Each structure stands twice: as C-alpha cells, then as structure tokens.
Amino acid sequence: MQSSSQKDFGSSHESDEEAAFMEKIQAEVKIEPDNWMPAGYRKSLIRQISQHAHSEIVGMLPEGNWVTRAPTFKRKLQLMAKIQDEAGHGLYLYCAAETLGADRDQEIARLHAGQAKYSSIFNYPTPSWADVGTIGWLVDGAAIVNQVVLQRTSYGPYARAMVRICKEESFHQRQGYELLLVMMKQGNEAQKAMVQDSINRFWWPVLMMFGPSDAQSPNSAQSMTWKIKRNSNDELRQRFIDQTIPQLEFLGCTAPDPDLKWNAERGHYDFGEIQWDEFYHVLEGNGPCNQERLDTRRQAFEEGSWVRQAAAAHARKEQEKNREAAHV
Ligand code: BYC
C-alpha cells in the first residue's frame, strides 16, 4: 500500500511532468511519441486523428461514384489519382494515431459499427458530374484551410503528416476548380446550370465542415490550450469564406445565401445563419447517405479480407527468412 508521502511524491512528480509538457507546448517544441504527455492530450489526439483518417477513407466514396462515368480519359485519370491520394492520407493518419497507442483495427471496427465520427460532408450525395468539381474546389478547399493550420499542431507525427497531405490537397483543389471553370466558360447552358446547382447543394454543408460555432464546440478550449488546434472553428470558417468568394465570382456563380455581403468595417464577408439542426442530424447518422457510406465501407472491408490475410502471410514468411538468415 502507498503511504501518503509516496502518494504526494507521485502527484508532484506528475505535475512536474505536466509543467515540463506545457513549457514545451509554449515554446513550440513538438511532442513526440515517446515523450510524456497528459492522458487527456493522448485521448483527444487519437479522437481527432482517427476521425480525420476515417474522413479521408469515407471521402473516397462520393467521388468513386464517378470513376466509371468520367466524361474523358483525362478526367478519369485525374479523379483516380485524387481518390488514391485520399487513401494515402487515411493511411498516414492511421499511422499517426498508432504512434499514440491506438489500435487501427479497433478504430476501423468502431467506424464500421457506426460508433466513430467522420466528416459530415461525405454524407451528401453526388448526383451530377459538377459535384466532382465542387468537391475538389469547395470540400478540399475547406479541408486545406483547416489542415494548413494543423501543420503547426503540437504533436509531431500529426503535423508532419499534414505537410504532405496539404501539398496533395492543393492539387485536388485546383483540379476541381479547373473542372468547374471549363464547364462555366466553355459549357452550354445546361452545364452551367449543373455547376450552380451543385454549388447550391454543397455550400452550406461545406461551411459545416469546420464544426459547430465556437460557443457550441466542447473540445476547442482544451485543444487550443494544448495547441492541437491553432484557430477556432469560426475563425477558420470565416477565413474560408473570405478567400472563396472572389473565386466564386470569377467562376460566374453565386452562393445560396442572401445575407452574404462584404463588410468593410470588419474586413470580412458577413454570412447567414447555418442550420445547425441539419449538422447534428447528419452527425447522428441520419444524413442522406450515412447508411449507404457505412454499408459500402463494410462491404469493401469484407471483400478485402483476403488481401490483408495474404499481406500478413507474406510478412510472416519474410520475418522467418530474415530470422533464418541471421542464424546462418
Ligand atoms: N463532421 O468540439 P468540436 C478531406 C464533431 S477530409 C463530423 O468543435 P473538434 C477530404 C467533433 O469531432 C477532412 N463531426 O470538435 C477527404 C466533435 O465530436 P466528438 C476532414 C464533426 O475536434 C476526401 C463534435 O463534433 N478534416 O478533406 O475540436 C475527399 C464537437 O465539435 C464535424 C479533419 O478531420 C464535422 N464536420 O473540432 C475530399 C480535420 N465538426 O469527438 C476531402 C481535423 C465537428 O467530441 N479535425 N464534429 O464526439 C479537426 O480539425 C477538428 O476535429 C474539427 C472539429 C475542426 C473537425
């Protein structure tokens, strides 16, 4: 049994560790996997990184819908390259979560059981080809605004994963915008209407990607103190709107928001009320495509089980060969 003085020593030791940890955070020194960290920091990072990884993997599905129907060979190659990039992003992120002690199989099982979150945006349908462009331009555009900041997040492996991911996301955004530009500047009236309709459907759900308003965001305050997050949800949402409107105007399209207007005094665009009921409805699993996305993921996981078994058998054989070679 511990004496009270031992207990005191234990807790002051822990608070020394905590103080040293916070000093590093203040000094912008990255926290690495083998460094001491508060249990809550570890838990919150696993939460955010695994949700982010799931978003990348589920995010492949709305676009995958168009691979067999892309209008030209060039567009098909671009789309396939983009979707493969998303798979890669998911893998970097699951690896980053593993450095914190997360079990990838368990995290994926939680996703497939409907117990884990992933970005709300991927629960909306993609009925038209213009949606492929809108996802690249607006969805990846919103993701970049959020992820550029995460390159400076306090956990080293997450920050480094973000550097590579951001480079690839920039390509995604450009391919989306170029696709829409071609439709708007060279297309017929039906194609132009298709672009505007797509923007009308995606505009508000994209603004929801940044998460609830700051006053309703339970994780933000602690994540900002630990510098996991560097800007609040509302700050990033505003930044995205400010940089997107000139691109929207150049495209010759409009946003479905009558309250959207430049506010010279604030130096920012004002915008209308976000329908937060819709956001929470989607988070609860009731969006237009939640069920379909999870069903597709589960089916892909089951059908891919022979690949995982083959890879594991190959790895075992290689290990045996290496062991035998070491004994020769
Ligand atoms: N959708 O306290 P809050 C991509 C959850 S993929 C669903 O503000 P936090 C791409 C939130 O998780 C881009 N859930 O949370 C891929 C929390 O739930 P729990 C994905 C959301 O963590 C393929 C609760 O609501 N990007 O770019 O401080 C093709 C309260 O929120 C959402 C990332 O994942 C949402 N939109 O801030 C194309 C970026 N928003 O855990 C493109 C990394 C909030 O308490 N993540 N929730 O049950 C982050 O930066 C932060 O986690 C968030 C939320 C800003 C998203």
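Counting starts at 1 for both ligands and their atoms, following the listed order. Along the sequence shown, residues carry numbers from 1. Since the model is a prediction, treat every value here as computed from it, not as a measurement.
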(request) Could you check atom 49 (C) of ligand 1 against the protein and tell me its nearest heavy-atom contact, residue, atom and distance included? (result) Gln48 NE2, 3.5 Å
(message) Does the protein place a non-hydrogen atom closer than 4.0 angstrom to atom 38 (C) of ligand 1?
(response) yes
(request) Examine Glu63 against ligand 1 and note whether any of their N/O atoms are separated by less than 3.5 Å. (result) no
(message) Yes or no: does Ser223 have any heavy atom under 4.0 Å from an atom of ligand 1?
(response) no
(message) Counting non-hydrogen protein atoms only, what is the nearest one to atom 17 (C) of ligand 1? Give residue, atom name and distance.
(response) Asn219 ND2, 3.6 Å
(request) If you have a sec, work out which protein heavy atom is nearest atom 40 (N) of ligand 1 and how many Å separate them, to one decimal? (result) Gly211 CA, 3.2 Å
(request) May I ask you to list the atoms of ligand 1 that are less than 4.0 angstrom from any heavy atom of Phe210? (result) 55 (C)
(message) What I'd like to find out is whether the side chain of Ile135 reaches to under 4.5 Å of the side chain of Pro62, using heavy atoms alone.
(response) yes
(request) Verify the distance criterion only: is there a donor paired with an acceptor across the side chains of Arg164 and Tyr92 at less than 3.5 Å? (result) yes
(request) Before accepting this row, confirm whether a basic side-chain N of the pair Glu292/Arg297 lies closer than 4.0 Å to the acidic partner's carboxylate O. (result) no
(message) Is there a polar contact between ligand 1 and Ile135, counting only N or O atoms under 3.5 Å apart?
(response) no
(request) Could you list the atoms of ligand 1 found under 4.0 angstrom from a heavy atom of Ser119? (result) 1 (N), 7 (C)
(request) From the options Leu93, Val149, Val148, select the one residue that forms a side-chain contact (heavy atoms from CB on, under 4.5 Å) with Met162. (result) Leu93
(message) Check whether Phe250 forms a cation-pi arrangement with Lys185 (NZ or CZ under 6.0 Å from the six-membered ring centre, at most 45° off the ring normal).
(response) yes
(request) Considering only NZ, NE, NH1 and NH2 on the basic side and carboxylate oxygens on the acidic side, decide whether Arg174 and Glu168 come within less than 4.0 Å. (result) no
(message) Salt bridge check, Asp85 against Lys82: does any charged N sit closer than 4.0 Å to a carboxylate O?
(response) no
(message) Please confirm whether the ring centroid of His89 lies under 6.0 Å from the ring centroid of Tyr94.
(response) no
(message) Under 4.0 Å between a side-chain nitrogen and a carboxylate oxygen: does that hold for Asp242 and Arg239?
(response) no
(request) Starting from atom 12 (O) of ligand 1, find the nearest protein heavy-atom neighbour and note its residue, name and distance. (result) Gln51 OE1, 2.6 Å
(request) Starting from atom 50 (O) of ligand 1, locate the nearest protein heavy atom and write down its residue, its atom name and how far away it is, to 0.1 Å. (result) Asn146 ND2, 3.0 Å
(message) Quiz question: by atom type and distance under 3.5 Å, do the side chains of Arg316 and Gln319 form a donor-acceptor pair?
(response) no
(message) List ligand 1 atoms under 4.0 Å from Gly59, heavy atoms only on the residue side.
(response) 23 (C), 29 (C)
(message) If we set the cut-off at 4.0 Å for heavy atoms, which region of Met208 has an atom near ligand 1: side chain, backbone, both, or neither?
(response) backbone
(request) Taking the six-membered ring of Phe301 (Phe, Tyr or Trp), confirm whether the NZ or CZ of Arg308 is under 6.0 Å from its centre and within 45° of its axis. (result) yes
(request) For ligand 1, indicate whether the residue Asn233 contacts it via side chain, backbone, both or neither (heavy-atom separation under 4.0 Å). (result) side chain
(request) May I ask you to identify the nearest protein heavy atom to atom 54 (C) of ligand 1, giving residue, atom name and distance to one decimal place in Å? (result) Lys229 NZ, 4.2 Å
(request) Record the part of Leu283 in heavy-atom contact with ligand 1 below 4.0 Å; permitted values are side chain, backbone, both and neither. (result) side chain
(request) Could you tell me whether Glu189 and Lys192 make a salt bridge, using a distance below 4.0 angstrom between a side-chain N and a carboxylate O? (result) yes
(message) Closer than 4.0 Å to some heavy atom of Met209 - which atoms of ligand 1 meet that?
(response) 36 (N)
(message) Looking only at protein heavy atoms, which one is nearest to atom 27 (O) of ligand 1, and what is the separation?
(response) Ala143 CB, 2.9 Å
(message) Under a plain distance cut-off of 3.5 Å, with no hydrogens placed, do Glu324 and His327 share a side-chain donor-acceptor pair?
(response) no
(message) Closer than 4.0 Å to some heavy atom of Ser120 - which atoms of ligand 1 meet that?
(response) 1 (N), 7 (C), 35 (C), 36 (N)
(request) Determine whether the side chain, the backbone, both or neither of Tyr158 has a heavy atom under 4.0 Å from any heavy atom of ligand 1. (result) side chain
(message) Could you tell me, atom by atom, which parts of ligand 1 come under 4.0 Å of a heavy atom of Asp140?
(response) 38 (C), 42 (C)
(request) Would you mind finding which of His52, Glu169, Gln216, Glu86 brings a heavy atom closest to atom 34 (O) of ligand 1? (result) His52
(message) Counting only heavy atoms closer than 4.0 Å, does ligand 1 sit against the backbone of Phe279, its side chain, both, or neither?
(response) side chain
(message) For atom 5 (C) of ligand 1, what is the closest protein heavy atom, and at what distance to 0.1 Å?
(response) Lys117 CD, 3.8 Å
(request) Under 4.0 Å from a heavy atom of Leu150: give me the atoms of ligand 1 that qualify, with their elements. (result) 43 (C)
(message) Quick one about Tyr118 and Asn123 (side-chain donor to acceptor, distance below 3.5 Å, no hydrogens or angles considered), yes or no?
(response) yes
(request) List every atom of ligand 1 that sits less than 4.0 Å from any heavy atom of Ser55, numbering the atoms from 1 in the order shown and giving each element. (result) 6 (S), 16 (C), 20 (C)
(request) Could you tell me whether a side-chain N or O of Trp204 sits under 3.5 Å from a main-chain N or O of Pro256, the two making a donor and an acceptor? (result) yes
